[in-house]
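Heads up, the thing below is written out as structure tokens.
Start at 1 and go down the list; that is how both ligands and their atoms are numbered.
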Amino acid sequence: MSFDLSLLGWTDSMAAELPADTVPARVARVDRGAAEVIAADGHHQARYSADVRRAAATDPVALPCVGDWAAIRMLPEGRYELEAVLPRTTAFVRGGVGRDSRGGLSGDSQGQVLAANVDIVFVAEPSMHSTDFADLGRIERLVALAWESGGTPVVLITKSDLFEHGLDELLADVRAVAPGVDVHAVSSLQGEGVELVSGYLQGSRTAVVLGPSGAGKSTLVNALAGGEVMDTQQVRAGDGRGRHTTVHRELITLPGGGLVIDTPGIRRVGLYGMSEGVDLVFADIEELAEQCRFDDCNHDGEPGCAVLEALESGELPERRLESWRKLQREAAWMASRGDARLRKEQQAKWKSITKQLRTHYKNRGR
Ligand SMILES: Nc1nc2c(ncn2[C@@H]2O[C@H](COP(=O)(O)OP(=O)(O)OP(=O)(O)O)[C@@H](O)[C@H]2O)c(=O)[nH]1
Ligand SMILES: [Zn+2]
């Protein structure tokens, strides 16, 4: 099988980054120490070169991830090696503190790239979620995250068929919390808006779909792909008997053009190092804050506070100010977690040094 790499998003300008005797390939999936890549001549398993492994050991961000363009080299024995990760245009980086599926904190201590070279970030929020309406705060958060990745957010209000009246009002509310972002209603079940979504992917662009569980992300991707995107693979178990296992494709090429990256990590992506994204999404509040009398105004009752004045006059909705405060608190909390981790590391280091010294003196005393 051969692939036209331009359909996977390759542009000739990237060729300048390729080391000699290597060919470009897109990373479709990563395993420990190796990646499944798609090159012009087909799918290959490519082991990381010593250089790649060395770089990743000092900085996990250097590890290949889904969506990366990589330079691969064919070794004499017919195996493939992943020589280098080409410069990324965008990246979803999970920061120092990740959240696991239960909303707790996971133990990762350094950044990790969850997906790279993502052009369009669809933020999927259901119009109705059991008995609740779309969560505007969550949309704000995910839009901030999308900006932070370097991609372009597009908000999709999914399951629009569940909403009989007032959809236009809901869309207006969503547009108000996501200034400068396209907002569309989608019903994958009824096929409403699906073509519009696929339009964003023309020109072989790559997208991810963020959103809470049950938002209809899989249903949308299946609708775009025109069928189920789960692969069933025959795997030989140790006892030699075949067994069926379902392998989820992580880099999905769509028949209508474009690609979708769908991994458990990107599905769970939460809050991290938000500062820049927060500023973009809350540009209106930041602007108001600049007009406060005091530069270090906390917008908490200080005289001459432009933010509270806008709140009084109704120009600034209270809910919006609350989301802003919440995000700032979370960002500050994340930062303090970072410091706590540093302190813990230092304590551990001193503990081991003290132990060594003790052993040293004890032995000397004998
Ligand atoms: N009414 C309606 N239901 C939908 C629509 N799209 C998806 N659903 C239903 O919503 C449920 C969840 O859809 P999924 O596509 O699995 O949601 P998801 O976002 O992938 O959820 P996770 O895999 O948990 O992250 C399923 O029962 C779908 O049939 C829609 O457009 N309208
Ligand atoms: Zn103020």
ask   = Any chance the side chains of S323 and E140 put a donor and an acceptor closer than 3.5 Å?
value = yes

key: ligand 1 to V186 polar contact by distance, N or O atoms, under 3.5 Å   = no

ask   = Under 4.0 Å from ligand 1, counting heavy atoms only, is it the side chain of L220, its backbone, both or neither?
value = neither

key: Ring geometry between H44 and Y80 (parallel below 30°, tilted from 30 to 60°, perpendicular above 60°)   = parallel

ask   = Just by distance, with hydrogens left out, do R26 and T206 show a side-chain donor and acceptor under 3.5 Å apart?
value = yes

task = Specify the protein heavy atom at minimum distance from atom 22 (P) of ligand 1: its residue, its atom name, and the distance to 0.1 Å.
result = R267 NH1, 3.2 Å

task = Could you tell me whether atom 7 (C) of ligand 1 has a protein heavy atom closer than 4.0 Å?
result = yes

ask   = Which ligand 1 atoms are under 4.0 Å away from a heavy-atom of G214?
value = 12 (C), 17 (O), 18 (P), 19 (O), 21 (O), 22 (P), 24 (O)

ask   = Looking only at distance, does A215 have an N or O less than 3.5 Å from an N or O of ligand 1?
value = yes

key: Nearest protein heavy atom with distance in Å, relative to atom 11 (C) of ligand 1   = K159 NZ, 3.9 Å

request  = Can you establish whether the number of heavy atoms outside R73 located under 6.0 Å from its atom CZ is more than 12?
outcome  = yes

query = Under 4.0 Å from any heavy atom of L162, which atoms of ligand 1 are there?
reply = 1 (N)

ask   = Quick one: nearest non-hydrogen protein atom to atom 2 (C) of ligand 1, plus distance?
value = L189 CD1, 3.3 Å

query = Is it true that atom CG of D31 has more than 12 heavy atoms of other residues, nucleotides or ligands lying nearer than 6.0 Å?
reply = yes

message = Under a 3.5 Å cutoff, is there a donor and acceptor pairing between the side chains of D119 and Y200?
response = no

message = Check this for me: F133, atom CZ, are more than 12 non-hydrogen atoms of other residues, nucleotides or ligands nearer than 6.0 Å?
response = no

ask   = Hey, does D161 sit under 4.0 Å from ligand 1 if you only count heavy atoms?
value = yes

query = Is there at least one pair of N or O atoms, one from S213 and one from ligand 1, spaced under 3.5 Å apart?
reply = yes

ask   = Hey, what do you get for CD (E322) to CZ (R325), rounding to the nearest 0.5 Å?
value = 8.5 Å

request  = Salt-bridge test for E125 and R138: reply yes if a basic N is under 4.0 Å from a carboxylate O, no otherwise.
outcome  = yes

query = Is the closest heavy atom of G211 to ligand 1 under 4.0 Å?
reply = no

ask   = How close do S149 and T90 get, heavy atom to heavy atom, and via which atoms?
value = O-CB, 3.2 Å

Angle subtended at the Zn ion (ligand 2) by C292 SG and C297 SG, rounded to 10 degrees = 110°

query = Looking at the Zn ion (ligand 2), which N/O/S atom of H299 is the nearest one?
reply = ND1

ask   = Could a heavy atom of P212 be found less than 4.0 Å from some atom of ligand 1?
value = yes

task = Using a strict 4.0 Å cut-off to heavy atoms of S188, name the atoms of ligand 1 that fall inside it.
result = 31 (O)

ask   = Any protein heavy atom lying closer than 4.0 Å to atom 27 (O) of ligand 1?
value = no

task = Would you indicate whether E318, at its atom CD, is surrounded by more than 12 heavy atoms from other residues, nucleotides or ligands within a distance under 6.0 Å?
result = no

message = Students should be able to answer this: which protein heavy-atom is nearest to atom 29 (O) of ligand 1, and at what distance?
response = T219 OG1, 4.4 Å

